[in-house]
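Please read the structure below before turning to the comments.
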Amino acid sequence: MKDYMIRAVAANNQIRAFAITSKHLVEQARVYHNTSPVITAALGRLLTGAAMMGMMMKGEKDLLTLQIKCGGAAKGMTVTADSQGNVKGYPQVPDVMLPPNAKGKLDVGGALGPGILSVIKDMGMKEPYVGQVALQTSEIAEDMTYYFATSEQVPSAVGLGVLMNKDNTVKQAGGFVIQLMPFTEDAVVEALEKKVAEVTSVTDLLEQGATPETLLEQVLGEFGIEITEKIPTSYHCDCSRERVTKALISIGVKDIQEMIEEQEPVEVNCQFCDKQYVFTPDDLKSLLEHSRK
Ligand SMILES: [Zn+2]
């Protein structure tokens with residue numbers, strides 16, 4: 001079964017919800033970045049959350065970036081998502097190793113430590129929307145919940161989970177976002193809070209065979225849930241020689257001059273998918289000539 005996401009409404013549109021199964025895209029991220037288990041979990045949760053936030057955007061060309069900068073050994077990570085289920089990302093430090101936390105789980109909060117979550121939405125306006133919140137638990141789902149509440153004023157419940165096999169490949173990954181619209185009746189809010197509190201672990205539910213549909217049905221079933229959209233989601237990098245060239249130009253003429261003087265080809269790796277682009281000294285010379293025009 002490939003990864004996919006669904007969108008749903010419940011309680012006569014007073015609730016909107018998203019759910020995802022993201023095992024394959026998180027495993028792809030792990031392979032590209034050769035991440036340690038705790039970083040696979042951290043990056044995987046961020047990719048899973050970003051995919052659903054991407055689905056919330058309306059425009060075909062809208063681009064979402066989630067960036068964490070933090071004081072723990074992980075230092076930070078960046079992911080991007082579009083509105084059609086394409087996500088990618090990279091960790092600052094892929095090989096952080098930490099003992100399990102007090103609950104015996106991968107210590108994502110410990111690896112990230114205190115920090116800032118930035119949400120950047122490029123919706124084709126002059127300036128992108130930027131929202132920033134302090135990390136609350138650094139476990140990512142709670143931090144996204146806090147972001148929705150404070151920056152977007154949308155009460156939300158977010159669940160994200162990544163579970164590893166013994167060989168450190170990804171066994172399960174997925175999550176959900178449930179949001180209350182401003183006109184939601186108090187009775188619905190109370191009943192929903194009770195149902196959400198019953199969900200203790202997304203990975204447990206996935207292990208029991210939950211799908212995005214059953215995940216949401218479990219929480220929203222009694223509210224008259226209606227699934228309105230289903231789209232595939234995957235790890236997708238759209239890098240190209242042209243894009244890498246632009247990045248190379250941005251490092252500055254002086255540095256490129258030095259590379260030319262060294263007379264060795266320069267290898268540039270895409271930070272999202274590790275694809276290698278090689279620039280010969282002649283390539284660099286013509287690049288400089290073009291950038292001067
Ligand atoms: Zn790439």
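First listed ligand is number 1; within each ligand, the first listed atom is number 1. In this text the structure is predicted, and so the values were computed from the model without any measurement.
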### Task
Go through T203 and Q172 one step at a time and tell me if the side chain to side chain donor-acceptor pair (under 3.5 Å) criterion holds.
CA-CA 7 Å; T203 46; Q172 302 286 0; over 6 Å; no
### Message
Check this for me, if you would: do K88 and D238 make a salt bridge, where the nitrogen-to-carboxylate-oxygen distance has to be below 4.0 angstrom?
### Response
yes
### Task
Could you label the plane-to-plane angle of the Y90 and F272 rings as parallel, tilted or perpendicular, counting under 30° as parallel and over 60° as perpendicular?
perpendicular
### Message
With a 4.0 Å cut-off on N to O distance, would you call D283 and R241 a salt bridge?
### Response
yes
#### Entry: Environment of the Zn ion (ligand 1) in terms of protein N/O/S atoms, cut-off under 2.8 Å
C237 SG, C239 SG, C270 SG, C273 SG
### Query
Between Q179 (side chain) and V154 (backbone), is there a donor-acceptor pair under 3.5 Å?
no
### Message
Under 4.0 Å between a side-chain nitrogen and a carboxylate oxygen: does that hold for K121 and E152?
### Response
yes
